[in-house]
Amino acid sequence: MIYEIYPRSFADGNGDGTGDLLGVRERLPHLRDLGIDAIWFTPWYVSPLADGGYDVADYRAIDPAFGTLEEAEILIAEARALGIRTIVDVVPNHISDRHAWFQAALAAGPGSAERSRFWFHPGRGPAGDDMPTRWVSNFGGTTWTRTTNADGSPGEWYLHLFAAEQPDLNWDHPDVRREFEDVLAFWFDRGAAGIRIDSAALLIKDPTLPEVPAEPGPGQHPNTDRDEIHDVYRGWRAVADSYDDAKALVGELWIPDLERFARYLRPDELHTAFNFDFLTRPWDGPTLRASIDLTLAAHAPVDAPPTWLLSNHDVTRPVTRYGRDDSSFAFPAKRWNVPTDPALGQRRARAAALLVAALPGSLYIYQGDELGLDEVEDLPRDRIQDPMHFRSGGIDPGRDGCRVPLPWSGERSPFGFSPADAVAEPWLPQPARWAALTAEAQAADPASMLSLYRSALAIRRAEPDFLGGGFAWLDSGPEVLAFRRGDGLVSITNLGQVPVDPPAGGELLLASGGLVDGRLAADASGWWRIANPGGEVR
Ligand code: GLC
């Protein structure tokens, strides 16, 4: 079980309103009590924060707002002493425009060796004022920004698949390959047990810079999932395998074709990758069942563990999403003021938590989901920092709503996020309603989301059938996801309206909601231990 920490918003140790490594160190007992195996830290490096830290200016230094490199090493060791490993986030597709390489490239001018590490290109048309391609940025808008020459005249354009402050690196350049293998080793040498690879499918570009075809075939997209990319990850795997202790490579791969996705998980490439297929699907029995089947089928031939996650720092919080009429997730669909039913969302998020915790493979939990936090959708517009918001012209609320600083204790903001004598307010405002959702309040309540997560993770850890047992669907109606793990465990999730009978003779281990006359209610999950394997579930 891997827990994702977005350091800016987890816990603020020094009272400046921004989360930091001291805050994480102070809250390690929360993570130990939750029963996690590893932490994935989103970028903690020096960054101008044009994209919440995914614009890295120095991959070998901690941002002073978070702490120091020495403190990161202490944190890694302290977590390890509690049985918790550390996964760091490496961003290979692009760097910050403040990074020394890009500054040198701008200064050196067209045709320079410094520029060849990026995608600088003259514009089209006689004056070069038409950008080289019409590719669309992952944050909306164009993917090219024009530079200005030393004499003030308009210069070359450079490529950025995200914001203009995130120039793309040229992965055909040996310096780039060497540099990142070195960055990997830098963090492995400091005790990191794994690397989360940002935007892992985007690194290689077609150097002829064609337009994106209407329906690109496999490997035909000019900037996504190109076949040459696997060579990069074979090199990374060799770095990981050169260590005596296990080092994991985890890919962020937004690739709809699960067969193409699984190619990254071949034995000499990445160990595992985020399952966004499941994450994006709505709360609907047949649809989720299809995703589970596709996921297991895609991972089997490469013998890699599937992953299950309900959210991360980029997507809408589950309790908000699952309370909506359309509970699927898609970046382009994000809008302000989409109604949600919080009670329904809460019930379904609880049921979903047990569902994913029962599936075979690794489980990722985004900070605050264990508290059942909702997406903060009424942030004042002048506090929003996410480039996705700005680049959509304000139509998209952006991703800050899932990045609001966590509520730990007390009755009012900062809810223990910052110490009592803090000099600044949390960097994003926390809603007053979170007084009921603090970790402190929930720890004392056996019916809380936190208690559910703690119980679920404790059972998952203790039951060999959950960790290593096989998986088999049990007969059920389409709106019920009922399956067996190993010989002894049954998990049932009821996505329909009709209560479901428990497995015959089953002993209830945990349920996400109350049982009605012993039957599993709508939008609830339960786990049972069974003595009669193969029992029918109606
Ligand atoms: C990944 C990150 C996201 C970031 C983007 C660009 O998708 O998860 O937060 O904005 O890459 O680095």
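Just so it is clear, the structure is predicted and the values come from calculations on it, not from any experiment. Both ligands and their constituent atoms are indexed starting at 1 by order of listing.
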Which of the numbered atoms in ligand 1 are under 4.0 angstrom from any heavy atom belonging to [X]?
X      : result
Arg403 : 9 (O)
His94  : 6 (C), 12 (O)
Ser199 : 1 (C), 11 (O)
Asp51  : 4 (C), 5 (C), 6 (C), 10 (O), 12 (O)
Arg399 : 3 (C), 4 (C), 9 (O), 10 (O)
His313 : 2 (C), 3 (C), 8 (O), 9 (O)

How about Phe10 and Trp408: are their ring centroids closer than 6.0 Å?
yes
Would Phe102 and His94 count as a close aromatic pair, with their ring centres under 6.0 Å?
no
Pairs flagged by ring-ring contact (aromatic ring centres under 6.0 Å, His included) wherever residues 190-218 is involved - sequence neighbours left out
none
Do Trp254 and ligand 1 have an N or O pair less than 3.5 Å apart?
no
Can you tell which part of [X] has a heavy atom less than 4.0 Å from ligand 1: side chain, backbone, both or neither?
X      : value
Phe139 : side chain
Met388 : neither
Glu4   : neither

In terms of its nearest heavy atom to atom 9 (O) of ligand 1, the top option of Leu161, Asp386, Asp314 is Asp314
Closest protein heavy atom (residue, atom, distance) for [atom]:
atom                   : result
atom 5 (C) of ligand 1 : Phe162 CE2, 3.8 Å
atom 7 (O) of ligand 1 : Glu252 OE2, 2.7 Å
atom 2 (C) of ligand 1 : Asp198 OD1, 3.1 Å

I need the minimum non-hydrogen distance between Tyr158 and Ala164, along with the two atoms involved.
OH-O, 2.6 Å
Nearest heavy atoms of Ala105 and Ser112, plus distance in Å:
O-OG, 4.4 Å
Would you mind checking if Glu181 and Arg178 are paired as a salt bridge, meaning a charged N to carboxylate O distance below 4.0 Å?
no
Between the side chains of Glu370 and Tyr3, is a donor N or O closer than 3.5 angstrom to an acceptor N or O?
yes
Output all residues satisfying salt bridge (charged side-chain N to carboxylate O under 4.0 Å, His left out) with Asp182, sequence neighbours left out; order by chain, then residue number.
Arg60
Taking the six-membered ring of Phe139 (Phe, Tyr or Trp), confirm whether the NZ or CZ of Arg391 is under 6.0 Å from its centre and within 45° of its axis.
no
